[in-house]
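This report concerns only the one structure given below.
Labels below follow one simple rule: chain letters A, B, ... track the order of the sequence lines, proteins then strands, and each chain is numbered from 1.
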Amino acid sequence: MKANYLDELNEQQREAVIHINGPLMIVAGAGSGKTKVLTTRIAHLMRNGVDAFNILSLTFTNKAAREMKERVEKILGGSEARNLYIGTFHSVFARLLRAEAHRLGYPNDFTIYDTDDAKSVIKTIINELNLDDKHYKPNFVYNRISAAKNSLMGPEEYQLDNLVQQEDMRANRPLIGKIYDMYAKRTFKNGAMDFDDLLFKMYILLKTFPEVLHKYQHKFKYIMIDEYQDTNPAQYEIIKLLGAVNENICVVGDDAQSIYSFRGATIENILQFEKDYDDVKVVKLEQNYRSTKSILNVANEVIAHNKGQIEKNLWTDNTEGDTIKLVRTMTDNEEGKFVADTISEQKLRNHYDNRDFVILYRTNAQSRSFEESLRRKAIPYRIFGGLSFYQRKEIKDYVAYLRITMNTRDEESLKRIINYPVRGIGKTTIEKTIVLSNEHNITMWEVLERAREFGFKGGTVEAIEAFVIMIKSFQAMLTSHNAYDVAVAVGKSTNIVKELFNDKTTEGLARYENVQELLNSIKEFTETPDEEGELLDKSMGSYLQQITLLTDADQGNDENSDVVKLMTIHAAKGLEFPVVFTVGLEETLFPSGMSINTREELEEERRLFYVAITRAKARLWLTYANSRYRFGNLVQNEPSRFLEEMPEKFIDRSYAGGGSVRNAFGGGSTSGWSNSNNMFDRKKAPSQPSQPVTQKPAAKPTFSPATTHVPSADFAPDDPAGMEPGMQVEHQKFGFGIIAAMEGAPNNRIATINFPKGGGEKKIMLNYAKLRIVR
DNA sequence: CCGTCAGAAGTTTTT
DNA sequence: CTTCTGACGG
């Protein structure tokens, strides 16, 4: 260990690091060396006799956890750091739950449902309840349930809580509580937890089993929480429970960077920390080492528009640096072009590499114009925050096999692969299986295991049995083989790999490569030693647990690749870049139109803007477009109100069409401001009285275009077996026709029929087409 | 059972 | 404009 590690700190940083026992709150302004303090403090604890096994450090992102681990290792210079518990809330709790879940009635190898899995379950339930999923949107319902769990509210409480019920009534969705209840039961039956359950169930576990609580209270004698301003009530309560005995809780945060209230984070947690414990030591890190004076001054002045903050004065010794450039373009495409041009220019003028640039936007959808312009100029880039690798269909399919092998209760996975690749277990069979499983209160898997007993017959029962035997063969391998071998066996037995290999289309090729990459990742997982040391869990279950908690930002950690990065501001939190472009600074976009209704929402948007500004080390461009395409139509937007909140002194507005923001406001177009509403209004124009739609509307009358045939009143399809060439038949759409020829196997005959009014000669598969025999 | 096509919906932010 | 969904033809 480096002896002089304390010398590298400033006074406040050192004060935080050497505080060992008792609650500690570090208010860490942007760029004030927060991670350095955290990592040095861990090293310092260990140097002062604290066992690595007794230290728990929680972060929000895998990336932050990884970075922290690496930096601690660097200071300690050895493998001691391996015994630390450093990870995200979700991954650490998932790991603990893997040891304890049986107490709650879950299998220890429970499946973790990602957002898509969860929404899919919710959708199934909505349909089962005969509710209209246009009204009960799975997304909306999911968010309600998520919010409930994040406030530690179970289904019963949800249905009994007056306030919540009133909200649902007002939103005209009174049955969300019912859906929540069914969802909780269903996921439990599936032996699955969603992201929120990892927190919620952890809390339940600690609350219900004192001996478990006791165990972890004594294990985690020192607890550190990064980004404390983003904790939600569930996380808050868990920390409180775990830390209750030793009260060695160290939280680090910056209320000015709280940007996750939409996900249940309450800024109150950090504002109230001093009141939660006696004798809280508070340290403020106010010296910024990251940004120029210009950048920092702008940031400070912007955030000063928020009220109710922890008082602090962020300052820097750095040079004043360049002014902040404010840029107006006419359209979003020009905005993209401007950014790409400027990147080229800056690379030449100031010798930057691609990796020095980041483009930050409010919503993922904004990336398009920048992608195009960067591609046109052949500037390499990478977008963060698209589909995670593990959300791709082919990967989810493959992983579903692994999941079902680990946890046969997982019906989401079972339904996904029971007939993929096609093995003759069709819709009817699946429906029947579901009905039987409900009837007998057993899992679908158990029904399949006893298929013959339940009266499945013929080819179906054979297909089912083959499927069951195959999955069981994978399970048998689990004890004797590692995760990689099992995964390879899955690929072979199911023929998935071969099938993808034979698909020579571009997409097929990509899919094949993705599956290969999946296998590689499993191989890598089984072969690299566990960084966290203590628990050398190389099992399939451990692997599956990890990958579900990975996001797009966690892949391709080729930090060194020289590319321009594109991401949302949320995704950029905790990062820094020499040159930052913050784009799309327009009303309704940033601040988002969805977040301008209350002061709280607007303040969070402002904090987001603050985060964006403070990512920049040396140079900052702020851009906005007069008009941009949204949902395919051109929309005009005012410049963001935030642009008016910046101090003139540090801003160069010469790019903003020569005028000030104010000029841009009124001066531009007098007519131009009839905007965005109309795009919503237009659609609803022939205003239907908005009646509450809770039940599925009766089957819609099907309108046929005037050109098509109107079937006879008594139209009813006949058995195709009796159809022969020469017969006259009626088709629902093509009208009357004569069968000209017949081909194909007896059980799959294809007729060539001439429809004089229906577009001439057609080939029709008799098994599927509905035809009436006329004569 | 699967692929195609038209129509509709979507854009806040994520572990 | 793009992506997803459902209906329907083959």
Test log, rule salt bridge (Lys or Arg N to Asp or Glu O under 4.0 Å), inputs A/R368 and A/E372: CA-CA 6 Å; A/R368 205 207 76 252; A/E372 273 173 23; 3.2 Å; yes
Roughly, in whole Å, what's the span from [atom1] in [X] to [atom2] in [N]?
{"X": "A/E227", "N": "B/dT14", "atom1": "CD", "atom2": "P", "answer": "14 Å"}
{"X": "A/E601", "N": "B/dT12", "atom1": "CD", "atom2": "P", "answer": "12 Å"}
{"X": "A/E587", "N": "B/dT11", "atom1": "CD", "atom2": "P", "answer": "21 Å"}
{"X": "A/L608", "N": "B/dT12", "atom1": "CG", "atom2": "P", "answer": "14 Å"}
{"X": "A/R607", "N": "B/dT13", "atom1": "CZ", "atom2": "C1'", "answer": "13 Å"}
{"X": "A/E600", "N": "B/dT13", "atom1": "CD", "atom2": "P", "answer": "22 Å"}
{"X": "A/F262", "N": "B/dT11", "atom1": "CZ", "atom2": "C1'", "answer": "13 Å"}
{"X": "A/L602", "N": "B/dT12", "atom1": "CG", "atom2": "P", "answer": "16 Å"}

At 4.0 Å (heavy atoms only), tell me whether [X] reaches a base, stays on the sugar-phosphate, or touches nothing.
{"X": "A/F60", "value": "sugar-phosphate"}
{"X": "A/S595", "value": "base"}
{"X": "A/G593", "value": "nothing"}
{"X": "A/K573", "value": "nothing"}

Would you say the ring centroid of A/F140 lies under 6.0 angstrom from that of A/H135?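 No - the distance between ring centres of A/F140 and A/H135 does not fall below the 6.0 Å cut-off.
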Centres of the A/F60 and A/H90 rings: under 6.0 Å? no
Can we say A/E371 and A/R375 salt-bridge, meaning some charged N sits less than 4.0 Å from an Asp/Glu carboxylate O? yes
Within this structure, what is the CG-OG distance for the pair A/D255 and A/S258, rounded to the nearest 0.5 Å? 8.0 Å
Can you see whether A/Y390 has A/K396 sitting over its ring - NZ or CZ less than 6.0 Å from the centre and within 45° of the normal? no
Choose from [options] the nucleotide whose nearest atom is closest to any side-chain atom of [X].
{"X": "A/Y260", "options": "C/dT5, B/dT14, B/dC1", "value": "B/dT14"}
{"X": "A/V422", "options": "B/dC1, B/dT15, B/dT12", "value": "B/dC1"}
{"X": "A/A365", "options": "B/dT13, B/dT11, B/dT15", "value": "B/dT11"}
{"X": "A/N364", "options": "B/dT13, B/dT15, B/dG10", "value": "B/dT13"}
{"X": "A/F631", "options": "B/dT12, B/dT14, B/dG10", "value": "B/dG10"}
{"X": "A/K427", "options": "B/dC1, B/dT13, B/dC2", "value": "B/dC1"}
{"X": "A/M594", "options": "B/dT13, B/dT14, B/dT11", "value": "B/dT11"}
{"X": "A/T363", "options": "B/dT13, C/dG6, B/dT15", "value": "B/dT13"}
{"X": "A/F195", "options": "B/dT15, C/dG6, B/dT12", "value": "B/dT15"}
{"X": "A/R630", "options": "B/dT13, B/dT11, B/dT15", "value": "B/dT11"}

Phosphate-side-chain proximity, A/N419 and B/dC1, N/O vs OP1/OP2 below 4.0 Å: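 Checking B/dC1 against A/N419, a side-chain N or O does come within under 4.0 Å of OP1 or OP2.
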With nearest nucleotides of DNA chain B determined for A/Y142 and A/S592 from heavy-atom distances, which residue corresponds to the more 5′ nucleotide? A/S592
Closest nucleotide of DNA chain B for A/G424 versus for A/H570: which of these residues is on the 5' side? A/G424
